[in-house]
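Keep in mind that this is a model prediction, so the values were computed, not measured. Residues take their numbers from the sequence shown, with the count starting at 1.
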Amino acid sequence: MSDTHEKESQAPASQHVNLNGLKATEDVERIEAPVTWQAYLICAFASFGGIFFGYDSGYINGVLGSKIFIEAVEGVGAKAVSDSNTSLVVSILSCGTFFGALIAGDVADFIGRKWTVIMGCAIYMLGVVIQMLTGLGAPLGAIVAGRLIAGLGVGFESAIVILYMSEICPRKVRGALVAGYQFCITIGIMLAACIVYATQDRTDTGAYRIPIAIQFIWALILGGGLMFLPDSPRYFVKRGNVARATDALSRLRGQPKDSEFIQNELAEIVANEEYERQLIPSTTWFGSWANCFKGSVFKSNSNLRKTILGTSLQMMQQWTGVNFIFYYSTPFLKSTGAISNTFLISMIFTIINVFSTPISFYTVERYGRRTILLWGALGMLICQFLVAIIGVTVGFNYTHPVSDAVDADTIANNIPAVNAQIAFIAIFIFFFASTWGPGAWIVIGEIFPLPIRSRGVGLSTASNWLWNTIIAVITPYMVGVTHGNLKSSVFFVWGGLCTCALVYTYFLVYETKGLSLEQVDKMMEETTPRTSAGWKPTTTFAHQLAEEKAHASNTTTV
């Protein structure tokens, strides 16, 4: 007999009732099977989709800096891609991902979570193939069209992988496994930096075509691997197919279909779906989108409040200023003249980002989502304000020319002060990577009820890409010499926004640690964000619904 079966037989007996042919329990601790390595591996593989997100964000800087690409776009002798073309090439991906994330919710409800991600991989690969045509003829049109199409695929993937993982992961380790998605994003950024560095000295089109082509591999691995994994049992329950939901849940939990654990968990999912359907009835396509915005903003469990929470949480993640570091830190640091190898500093930031993220695997389950977001926001705002204060007093903002030439380079007056700023930027990245980086993705996958979950997660992910684009567009104007020229003062902006994130988390973010997705619904109905950490489930949806049906049946008989 297997270990899991022994645990099942040794577990204390609990009261069971029948719900639609399924055994339902009133024991809130027995609605899920013990976690197996099979469950870990399946969920961990799904997180591989984060590679798309990270690599796609990281490789384009190297392409735009390639001498071969610059001359192909701007003409022989050009030193850089023009500002307008740079803006177009960089932002067009985010445009595609924004619309892809919005569309993905509908597709995921129609064909399933797994097949939506696979479709996203296929669209992504098509976009990569089109980008590869930049080696032939005029490259600008091909790379813009290819990045737009690839962006649609990334939008599908970034929204639905989070949805898929949240719905299949065991509740006790769901936060840690979904945090693996953010970990893969950081790995993708680091891989892009390494590949760009390795190809930067090539004198042929491989300098930019190789970084583009490698994207094909990530899509092939994720799409091919998902072919062999089960779809979300919650998707099948939503479609009314309990038999396929049973089969999928059995594969995910490594238990036989008639296992008490499988029966109990499935009964809970079915009961919650029936309960939510009473609150959010099935309707037309337009009506199903309208359901995301129903209810009062002052009611904590309303659909509108949850949609605002999900979209604003992703907005706050972008407002931390982390993308300023990864998109613009290299030219920003170079302008001080104090850094001899800006690529090395950029790589150090990337490595800190990668190796700080796994800390969240432990902390998010030990201390909770709300707690790490609070401490993360506090740590980030302190670092940002210190960078700003040092910069405007003795650091980045004070430089002098290294010679009397008109176009001479400049160097910082106080190099130790600049080094201190770099150290605090590195600490800021540590706080972001171990808290807000994974935390925002975890929470948006947990807060939405099943009838609107796919659209809610899609809207939240679209918000991430929208604010990503806005910040990428406005930042050059904030720090550009001919525009805002804020220099170190820009960190006052990010520090102020991190302060907003701290206040936001304290008043609006719920603690969802250790709860099933169905229990999260109940918790948000019965408590407030500030008291949510102390909430404990007292009964199961399945047992409650079974008792209601039994009572109704007895009343009818009488």
Side-chain angles (χ1 to χ4, degrees), residues 38-59 93 96-133 145-169 177-178 180-189 191-192 195 209-236 244 248 251-252 441 445 454 457-458 461 465:
Q38 180 177 344
Y40 274 121
L41 292 175
I42 289 175
C43 298
F45 178 80
S47 69
F48 183 84
I51 294 284
F52 284 43
F53 197 146
Y55 189 90
D56 226 60
S57 299
Y59 88 93
L93 178 90
T97 52
F98 173 77
F99 289 105
L102 289 179
I103 297 168
D106 283 329
V107 178
D109 278 348
F110 184 66
I111 66 173
R113 284 52 164 147
K114 178 181 85 168
W115 290 105
T116 301
V117 177
I118 293 172
M119 179 184 290
C121 291
I123 295 170
Y124 185 79
M125 286 190 286
L126 175 61
V128 172
V129 170
I130 294 173
Q131 288 179 72
M132 286 296 292
L133 298 178
R147 281 175 63 79
L148 177 64
I149 293 171
L152 286 171
V154 175
F156 273 51
E157 178 275 327
S158 58
I160 306 306
V161 162
I162 292 296
L163 173 64
Y164 178 64
M165 291 182 69
S166 297
E167 291 192 341
I168 69 172
C169 288
L177 289 170
V178 176
Y181 179 79
Q182 175 67 19
F183 183 50
C184 285
I185 290 176
T186 65
I187 291 175
I189 294 172
L191 286 173
I195 291 166
R209 295 180 81 188
I210 290 173
I212 291 172
I214 286 176
Q215 299 173 93
F216 200 91
I217 298 172
W218 315 138
L220 204 59
I221 293 173
L222 180 62
L226 281 176
M227 292 278 191
F228 302 98
L229 300 186
D231 210 327
S232 163
R234 287 174 169 87
Y235 161 72
F236 289 126
R244 293 193 68 181
R251 292 176 62 191
L252 289 168
W441 291 109
S454 61
V457 174
T461 306
W465 285 106

**Message:** Once rounded to the nearest 0.5 Å, what's the spacing between atom OG of S158 and atom CH2 of W441?
**Reply:** 5.5 Å

**Asked** Any side-chain heavy atom of C121 within less than 4.5 Å of one from F156?
**Response** no

**Message:** Could you work out, with side-chain hydrogen bond (donor to acceptor under 3.5 Å, both in side chains) as the rule, every residue matching T116, not counting sequence neighbours?
**Reply:** none

**Request:** Without swapping roles, check the side chain of Y59 against the backbone of G188 for a donor-acceptor pair under 3.5 Å.
**Result:** no

**Message:** Using modelled atom types and a 3.5 Å cut-off, is there a donor and acceptor pairing between side-chain atoms of Y55 and backbone atoms of I187?
**Reply:** no

**Request:** Mind listing the closest non-hydrogen atom pair of I111 and M119 along with its distance?
**Result:** CD1-CE, 3.7 Å

**Contact list for residues 211-230, test salt bridge (charged side-chain N to carboxylate O under 4.0 Å, His left out), sequence neighbours left out** = none

**Message:** Measuring from atom CD1 of I168 to atom OG of S232, what distance do you get when rounded to the nearest 0.5 angstrom?
**Reply:** 7.5 Å

**Fill in**
The side-chain hydrogen bond (donor to acceptor under 3.5 Å, both in side chains) partners of T97 (sequence neighbours excluded) come to none

**Request:** Mind listing the closest non-hydrogen atom pair of L163 and A108 along with its distance?
**Result:** CD2-CB, 4.3 Å

**Prompt:** Can you list every salt bridge (charged side-chain N to carboxylate O under 4.0 Å, His left out) pair that touches residues 155-168, not counting sequence neighbours?
**Reply:** R113-E167, E167-R453

**Fill in**
Separation between OH (Y181) and CD1 (I162), nearest 0.5 Å, reads 5.5 Å

**Asked** When rounded to the nearest 0.5 angstrom, what distance separates CG in D109 from CG in D106?
**Response** 7.0 Å

**Prompt:** Taking only residues two or more places apart in sequence, or in another chain, which ones meet T186 in a side-chain contact (heavy atoms from CB on, under 4.5 Å)?
**Reply:** Q182, F183, N353, V354, T357

**Asked** Between CZ of F110 and CH2 of W115, what distance do you get to the nearest 0.5 Å?
**Response** 14.5 Å

**Request:** Could you pull out the closest heavy-atom pair between V178 and S166, with the gap in Å?
**Result:** CG2-OG, 4.2 Å

Compile the donor-acceptor pairs under 3.5 Å between side chains in residues 212-228 and protein atoms, sequence neighbours left out, one pair per line.
residue	atom	partner	partner atom	Å
Q215	OE1	Y124	OH	3.1
Q215	NE2	I212	O	2.8

**Fill in**
One should read off an interatomic distance between R147 CZ and I130 CD1, to the nearest 0.5 angstrom, of 13.5 Å

**Prompt:** Which atom pair, heavy atoms only, marks the closest approach of V457 to A159?
**Reply:** CG1-O, 3.3 Å

**Message:** Please determine whether the number of non-hydrogen atoms from other residues, nucleotides or ligands lying under 6.0 Å from atom CZ of F45 exceeds 12.
**Reply:** yes

**Complete:** What one should report as the nearest heavy-atom pair of A150 and L93 is C-CD1, 4.4 Å

**Prompt:** What heavy-atom pair brings L177 and S47 nearest, and what distance separates the two atoms?
**Reply:** O-CB, 4.3 Å

